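Remember, predicted model here, so these are calculated numbers, not experimental data. In what follows, chains carry the letters A, B, and so on, assigned in the order in which the sequence lines appear, proteins first and then strands, with residues in each chain numbered from 1.
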Amino acid sequence: MNKVAGIIRVDRKVLDIDKVLQMGMTFRWRKHGQIWHGVIGRNAVQLEQKNEGVAYSCVNGDSSDSGLNSELIRFFDLERKYEIPHDDENLTNAVGKYEGIRQLQLDPIETLYSFICSSNNHISRISSMMTFLGSKGDLLAQIKSDTDVEPNLFRYQAFPSIETLAQLTEQELRAANFGYRAKFIVKTSASILENGGNSWVETLKSEDYVVAVEKLMTLAGIGRKVADCIALYGLNKRESIPLDVHLIRLANRDYNLKEAEKGLTPTRYEGIVARLRETWGRDAGWVQTVLFYKELQLSKEKKKSPKSKREKNKPRTEKKEVKVEVKEEPVELQSEAQVSSRKGPVVTTRRRAAQKIKTECDEMPLKKAKEEEF
DNA sequence: AATCGACCTTC
DNA sequence: AAGGTCGAT
């Protein structure tokens with residue numbers, strides 16, 4: 001087999017695939033030994049993090065080397081240099097401690113389904129649901145285990161087309177453990193098909209953030225928060241801040257937010273994300289991802305050792321200005337290739353009126369929280 | 001415009 | 001109770 005392989009020379013401080021591939025952005029990547037297995041477009045991809053960078057190979061020979069290389073750079077968002085407010089000590093510390101987190105640029109359709117599945121759910125079940133959907137896609141390659149220890153073979157499958165997804169029945173999905181989300185999947189697939197299928201979803205990428213979110217929310221199972229997740233990871237909308245109780249909690253603690261965690265009405269949601277956007281700046285979406293990862297780690301540590309809370313009094317490690325940059329000069333992307341967005345009315349079958357999203361914010365940006373009292 | 005309960009499983 | 005959405009009030 002004609003195997004394409006190479007390496008992206010990037011420091012672990014810039015890209016840490018162990019972190020980004022299992023934190024709840026993607027749900028179909030698997031790690032066996034040191035190797036990560038997954039699919040990008042129609043490429044069956046293997047990834048391994050080494051000191052020199054991320055080694056990659058494509059095991060189904062669908063792509064040219066340069067093609068896969070630039071796809072990976074895009075996938076891991078490596079041409080972007082993240083910006084953080086210079087006076088945000090909390091963020092600077094978090095970025096310094098939890099390095100290598102990227103705001104992935106994922107397939108819009110797969111991301112859309114992923115986050116419909118994510119409502120009221122946890123990563124392991126979302127993963128199994130997404131693996132089920134993936135099992136309906138084209139088989140690109142598969143590996144057999146050479147050991148008895150790991151008898152499972154990994155199947156690399158392209159994410160199915162909307163047409164294929166639309167054939168799934170609620171009954172079948174419920175049997176596959178989708179619970180009440182089964183109905184959402186069926187309805188949304190039909191709606192997307194009516195709207196124009198794959199190309200309708202693709203054009204959302206060229207819409208403004210607010211418009212994209214409004215259109216996403218016309219679909220069943222996509223509310224405000226899920227729409228933000230799709231916008232951020234699937235449509236590359238970096239101002240998107242998926243807001244949930246965890247984010248409110250950490251912002252209350254570290255950013256003097258002073259908001260209740262419950263009763264998140266549409267109005268409150270817009271007000272809060274507007275303030276956080278002011279606070280976190282241009283790359284607010286990525287900031288959210290980093291801080292969320294930090295919370296994930298903190299809660300894991302807490303679970304492991306419910307020790308005394310005196311830990312907090314440890315002197316903070318002084319971090320110098322954080323530089324986030326790519327070692328290798330990324331290739332230029334041609335933006336001309338994009339089909340211009342249509343001005344005409346996009347036909348959408350709305351089951352409900354799309355809510356307007358307010359973007360104004362009268363409130364002042366948040367101040368950093370002062371040192372907590374102990 | 002805000003509040004409330006239901007909804008599939010599972011940790 | 002959980003990483004939300006939907007429909008009714």
Side-chain angles (χ1 to χ4, degrees), chain A residues 19-20 22-27 101 103-104 106 111-133 168-191 213-234 240-252 259-273 276 285 287-300 302-304 306 349-358 360:
Chain A
K19 291 193 177 85
V20 300
Q22 62 176 182
M23 71 171 290
M25 288 186 267
T26 62
F27 301 93
I101 294 174
Q103 179 194 313
L104 270 28
L106 307 172
T111 306
L112 189 151
Y113 283 87
S114 293
F115 286 97
I116 287 178
C117 294
S118 78
S119 81
N120 229 340
N121 211 349
H122 55 272
I123 292 177
S124 65
R125 181 148 78 124
I126 301 168
S127 297
S128 89
M129 292 158 79
M130 288 305 289
T131 299
F132 174 82
L133 293 183
L168 293 165
T169 63
E170 178 176 349
Q171 171 186 301
E172 185 179 4
L173 289 163
R174 280 193 178 264
N177 227 330
F178 279 65
Y180 61 81
R181 302 163 200 80
K183 183 173 358 122
F184 295 157
I185 301 286
V186 171
K187 281 189 172 182
T188 282
S189 298
S191 299
V213 166
E214 280 175 356
K215 290 189 176 177
L216 285 170
M217 290 205 306
T218 64
L219 302 171
I222 303 184
R224 189 65 179 80
K225 191 256 182 176
V226 166
D228 260 324
C229 292
I230 299 167
L232 184 60
Y233 302 122
S240 173
I241 302 177
L243 184 64
D244 59 25
V245 291
H246 297 279
L247 202 65
I248 294 179
R249 181 156 36 226
L250 78 85
N252 277 333
E259 290 279 354
E261 293 169 11
K262 293 178 184 169
L264 202 51
T265 64
T267 310
R268 287 192 60 228
Y269 190 108
E270 300 307 331
I272 294 172
V273 293
L276 292 176
V287 169
Q288 173 274 154
T289 304
V290 172
L291 295 179
F292 202 95
Y293 181 84
K294 173 186 167 186
E295 292 308 292
L296 216 58
Q297 298 311 303
L298 292 183
S299 75
K300 273 187 190 170
K302 196 191 241 176
K303 251 185 178 176
K304 262 193 165 175
T349 52
R350 297 192 158 89
R351 298 173 332 304
R352 59 179 192 267
Q355 285 126 314
K356 282 290 174 206
I357 298 173
K358 293 190 220 148
E360 309 83 50

A.B. asks: I need the CG-C1' distance between A/Asp244 and C/dA1, as an integer number of Å.
C.D. replies: 14 Å
A.B. asks: Determine the Euclidean distance between corresponding P atoms of B/dT10 and C/dC6; express it in Å to zero decimal places.
C.D. replies: 23 Å
A.B. asks: Do A/Ser114 and A/Tyr233 get their side chains close enough for a donor-acceptor pair, meaning under 3.5 Å?
C.D. replies: no
A.B. asks: I need the OH-P distance between A/Tyr269 and B/dA1, as an integer number of Å.
C.D. replies: 17 Å
A.B. asks: With pairs defined as Watson-Crick or G-U wobble and both distances under 3.5 angstrom, please note down DNA chain C as a dot-bracket string, | for pairing with another strand.
C.D. replies: ||.||||||
A.B. asks: Could you state the CD1-C1' distance from A/Ile126 to B/dC11, rounded to the nearest angstrom?
C.D. replies: 14 Å
A.B. asks: Rounded to whole Å, please give me the gap between NZ in A/Lys225 and C1' in C/dA2.
C.D. replies: 12 Å
A.B. asks: Apply the test salt bridge (Lys or Arg N to Asp or Glu O under 4.0 Å) to residues A/Arg249 and A/Glu261: give CA-CA distance (whole Å), side-chain angles for both, the deciding distance (0.1 Å), then the verdict.
C.D. replies: CA-CA 7 Å; A/Arg249 181 156 36 226; A/Glu261 293 169 11; 3.0 Å; yes
A.B. asks: Extract from the structure each pairing of a protein N or O with an N or O of nucleotides 7-9 of chain B at less than 3.5 Å, listing the distance.
C.D. replies:
from  : atom 1 : to       : atom 2 : distance (Å)
B/dC8 : OP1    : A/Arg174 : NH2    : 2.4
B/dC8 : O5'    : A/Arg174 : NH1    : 2.9
B/dC8 : O5'    : A/Arg174 : NH2    : 3.4
B/dC8 : O5'    : A/Tyr180 : N      : 3.4
B/dC8 : O4'    : A/Tyr180 : N      : 3.1
B/dC8 : O2     : A/Arg125 : NH2    : 2.4
B/dC8 : O2     : A/Arg181 : NH1    : 3.0
B/dC8 : O2     : A/Arg181 : NH2    : 3.4

A.B. asks: Answer with base, sugar-phosphate or nothing: what part of the nucleic acid does A/Met23 contact at a heavy-atom distance below 4.0 Å?
C.D. replies: base
A.B. asks: Starting at CD of A/Glu261 and ending at P of C/dA1, how long is that distance when rounded to a whole Å?
C.D. replies: 15 Å
A.B. asks: Does the pair A/Phe184 and A/Phe178 meet the rule for a ring-ring contact (aromatic ring centres under 6.0 Å, His included), with working shown?
C.D. replies: CA-CA 10 Å; A/Phe184 295 157; A/Phe178 279 65; over 10 Å; no
A.B. asks: Report yes if at least one side-chain N or O of A/Ser124 is closer than 4.0 Å to OP1 or OP2 of B/dT10; otherwise report no.
C.D. replies: no
